[in-house]
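Take a look at the structure below.
Below, chain A is the first sequence line, B the second, and so on; all start at residue 1.
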2 protein chains.
Amino acid sequence: MLQFSRKVEYGLIALKHFAIGPRGAIFTAKEISDEYNIPYDLLAKVLQKLARAGVLVSLHGVRGGYTLRMKPEEISLATIIDIIDNEKPLITACGCEDTECCERFDICTIREPLGKIQREINTFFQNVTLQKIL
Amino acid sequence: MLQFSRKVEYGLIALKHFAIGPRGAIFTAKEISDEYNIPYDLLAKVLQKLARAGVLVSLHGVRGGYTLRMKPEEISLATIIDIIDNEKPLITACGCEDTECCERFDICTIREPLGKIQREINTFFQNVTLQKIL
DNA sequence: CATAAATACGACTGTATAAGTCCGATTTTT
DNA sequence: AAAAATCGGACTTATACAGTCGTATTTATG
C-alpha cells in the first residue's frame with residue numbers, strides 16, 4: 001500500500017515527543033502511549049528497538065524510561081524505518097541484488113529503472129531528519 | 001512495507017513492453033503474461049484497468065488485444081499507481097483530511113510534517129514518466 | 001530487603017489486504 | 001458456428017502487519 005507502518009508512525013510520534021520536550025527529559029513508554037493513545041505493548045517494542053540502535057537511551061527500574069541520545073538533526077527518516085521495520089525504505093520489490101528474491105529476475109525489464117528510482121527515494125529519506133519533522 | 005504492489009509492477013512491465021515494441025503494435029494479455037511469467041488472470045485485470053482509464057486501447061474478439069493510447073512521456077508513475085491500486089501514492093497514513101480515518105487526528109503531532117513529505121513524494125512520482133523507465 | 005515500577009523480549013493470535021483463481025458473459029474475426 | 005480475445009464479479013488463499021500476553025530482568029525506594 002506504499003505506506004509507513006504504524007510502528008514507524010508511533011516511533012516518529014515518540015521521537016518528536018522527546019525532541020520537543022526539555023532537553024534530556026526522561027519519558028516512560030506508558031506516558032507516551034497514554035498521551036497519544038498508542039497501544040502500550042507495541043510502542044514499548046518500538047522504543048526498545050530505538051534504544052538498542054542507539055537512538056534512545058533506556059533506563060531500567062523504577063523512575064526509569066527513555067531519553068534521547070542522538071540529536072534530532074542526526075536522525076534520518078531512512079534510519080528510523082531501517083531500525084523499526086528492519087528494512088531500508090524500499091519502493092521496488094527487486095531491490096535485492098540476486099536471483100533468489102524474484103522469479104523473473106533475469107527477464108524483468110523494470111528492475112534497473114526502478115532501482116534508480118529506489119536510490120533517489122533512499123537519498124530523499126536520508127535527507128529528511130527528525131529536526132525537519134518538528 | 002512501503003513497496004509497490006505486484007499489480008503495479010506487472011502494469012509497469014506491460015506498459016514498458018508496449019512502449020519499447022513497434023509503435024501501435026497489439027499485444028494480448030496472454031502474450032505478455034507468457035513472456036514475463038506473470039499470472040494471466042491478474043495481468044488481464046491490470047490491463048483492463050489501464051484500458052478503462054484510457055492508457056491503453058482494448059480490442060475485443062479474435063486478433064484483439066491491447067495497444068498503447070497515451071504517449072510514454074504522458075504517463076506518470078503517480079497516474080499508474082492511482083489507476084491500478086485505486087489510490088494516490090500514499091506515504092503517510094494521515095493523508096486524509098478528516099478525523100474519520102485516524103483516531104488520534106487532533107492530537108497527532110506528525111500529521112502536518114508528514115503531509116509535507118507526502119506532497120513532495122507525490123510530486124516526485126508525477127514527474128517520473130514511463131518514458132523515463134524505458 | 002521486599003516491593004513496585006520500569007525495560008526486555010520472545011511467542012502467540014487476530015485481522016486486513018494483497019495475490020491469485022475461477023467462472024460465466026460479451027465481443028469480434030474467420 | 002467456432003475460436004480467441006476482453007470484461008468483470010465472486011471467491012479463496014497467502015502473507016504481513018498490528019496487537020496481545022507472559023515472563024524475566026533491572027533498579028529506586030520505603
Side-chain angles (χ1 to χ4, degrees), chain A residues 1-11 13-14 18 25-34 36-69 81 83-87 90 93 101-104, chain B residues 1-11 13-14 18 25-34 36-69 81 83-87 90 93 101-104:
Chain A
M1 218 211 272
L2 203 58
Q3 212 173 284
F4 289 146
S5 69
R6 296 235 179 126
K7 285 188 208 172
V8 166
E9 293 196 351
Y10 296 159
I13 290 173
F18 284 104
I26 295 169
F27 296 104
T28 67
K30 179 146 199 335
E31 283 172 328
I32 297 175
S33 81
D34 282 348
Y36 299 101
N37 196 27
I38 298 171
Y40 169 77
D41 285 317
L42 201 47
L43 177 64
K45 286 206 186 147
V46 170
L47 298 182
Q48 282 161 29
K49 280 195 171 185
L50 290 170
R52 247 179 292 163
V55 176
L56 298 174
V57 179
S58 72
L59 301 160
H60 280 217
V62 176
R63 305 210 35 125
Y66 297 91
T67 184
L68 207 52
R69 165 176 278 162
I81 295 170
I83 292 169
I84 297 178
D85 285 344
N86 312 309
E87 63 188 25
L90 187 62
C101 50
C102 179
E103 75 228 41
R104 67 187 74 77
Chain B
M1 218 211 274
L2 203 59
Q3 214 173 284
F4 290 146
S5 69
R6 295 231 182 131
K7 285 188 209 173
V8 167
E9 294 194 351
Y10 296 159
I13 290 172
F18 284 104
I26 295 170
F27 296 103
T28 67
K30 179 144 199 335
E31 283 171 328
I32 297 175
S33 81
D34 281 348
Y36 299 101
N37 196 26
I38 297 171
Y40 168 78
D41 285 316
L42 201 47
L43 177 65
K45 290 212 182 142
V46 170
L47 297 182
Q48 282 161 28
K49 280 194 172 188
L50 290 170
R52 249 178 291 164
V55 176
L56 298 175
V57 179
S58 72
L59 301 160
H60 281 218
V62 174
R63 306 211 34 127
Y66 297 91
T67 184
L68 207 52
R69 165 175 278 161
I81 295 170
I83 291 169
I84 296 177
D85 284 345
N86 312 308
E87 63 190 22
L90 187 61
C101 50
C102 178
E103 72 228 42
R104 66 188 75 78

Heavy atoms from C-beta onward define the side chain here; which of D/dC7, C/dT21, C/dT7 lies closest to that of A/A29? C/dT7

Audit row: B/F27, B/F18, ring-ring contact (aromatic ring centres under 6.0 Å, His included) steps and yes/no: CA-CA 8 Å; B/F27 296 103; B/F18 284 104; 5.6 Å; yes

Short side-chain N/O contact to D/dA5 OP1/OP2 from B/Y40, under 4.0 Å: no

For A/I13, the side chain to side chain contact (heavy atoms under 4.5 Å, CB included) test, sequence neighbours excluded, returns A/Y36, A/I38, B/R104, B/C108, B/T109, B/I110

When rounded to whole Å, the CG to P distance for the pair B/N86 and C/dT17 reads 13 Å

Quickly work out the B/D85 CG to C/dA18 P distance and round it to whole Å. 7 Å

Distance check needed: D/dA5 P versus B/I26 CD1, whole Å only. 11 Å

Quick one, which residues of residues 48-62 of chain A touch DNA chain D with a heavy atom under 4.0 Å? A/H60, A/G61, A/V62

Do any side-chain nitrogens or oxygens of A/R63 fall under 4.0 Å of OP1 or OP2 in C/dA6? no

Checking the side chain of A/S58 only, and the main-chain atoms of A/Y66 only, is there a donor and an acceptor separated by less than 3.5 Å? no

Just how far, in rounded Å, is P of D/dA5 from CZ of B/F27? 14 Å

Whole-Å distance, A/I32 CD1 to C/dT7 P, equals 9 Å

Nearest non-hydrogen partners of A/A29 and A/L43, listed with the distance: O-CD2, 3.5 Å

Residues which pass side-chain hydrogen bond (donor to acceptor under 3.5 Å, both in side chains) with B/N37, listed by chain and number, not counting sequence neighbours: none

Between C/dA8 (P) and A/L43 (CG): distance, integer Å: 12 Å

Round to the nearest Å and state the distance from B/E31 atom CD to D/dA5 atom P. 7 Å

Write down the distance between CG (B/L42) and P (C/dC22), rounded to a whole number of angstrom. 13 Å

Quick one: list whatever passes salt bridge (charged side-chain N to carboxylate O under 4.0 Å, His left out) with B/D41, sequence neighbours left out. none

Side chain of A/Y10 (C-beta onward), nearest among C/dA19, D/dG19, C/dA8: D/dG19

Give me the atom names and distance for the closest heavy-atom approach of A/I84 to A/G11. CD1-CA, 4.0 Å

Taking all non-hydrogen atoms of both residues into account, name the closest pair between B/E31 and B/I26 and its distance. OE1-O, 4.1 Å

Pairwise N/O distances under 3.5 Å, protein to nucleotides 11-14 of chain C:
from	atom 1	to	atom 2	distance (Å)
C/dA11	N6	A/K45	NZ	2.5

side-chain hydrogen bond (donor to acceptor under 3.5 Å, both in side chains) involving A/K45 - partner list, sequence neighbours excluded: none

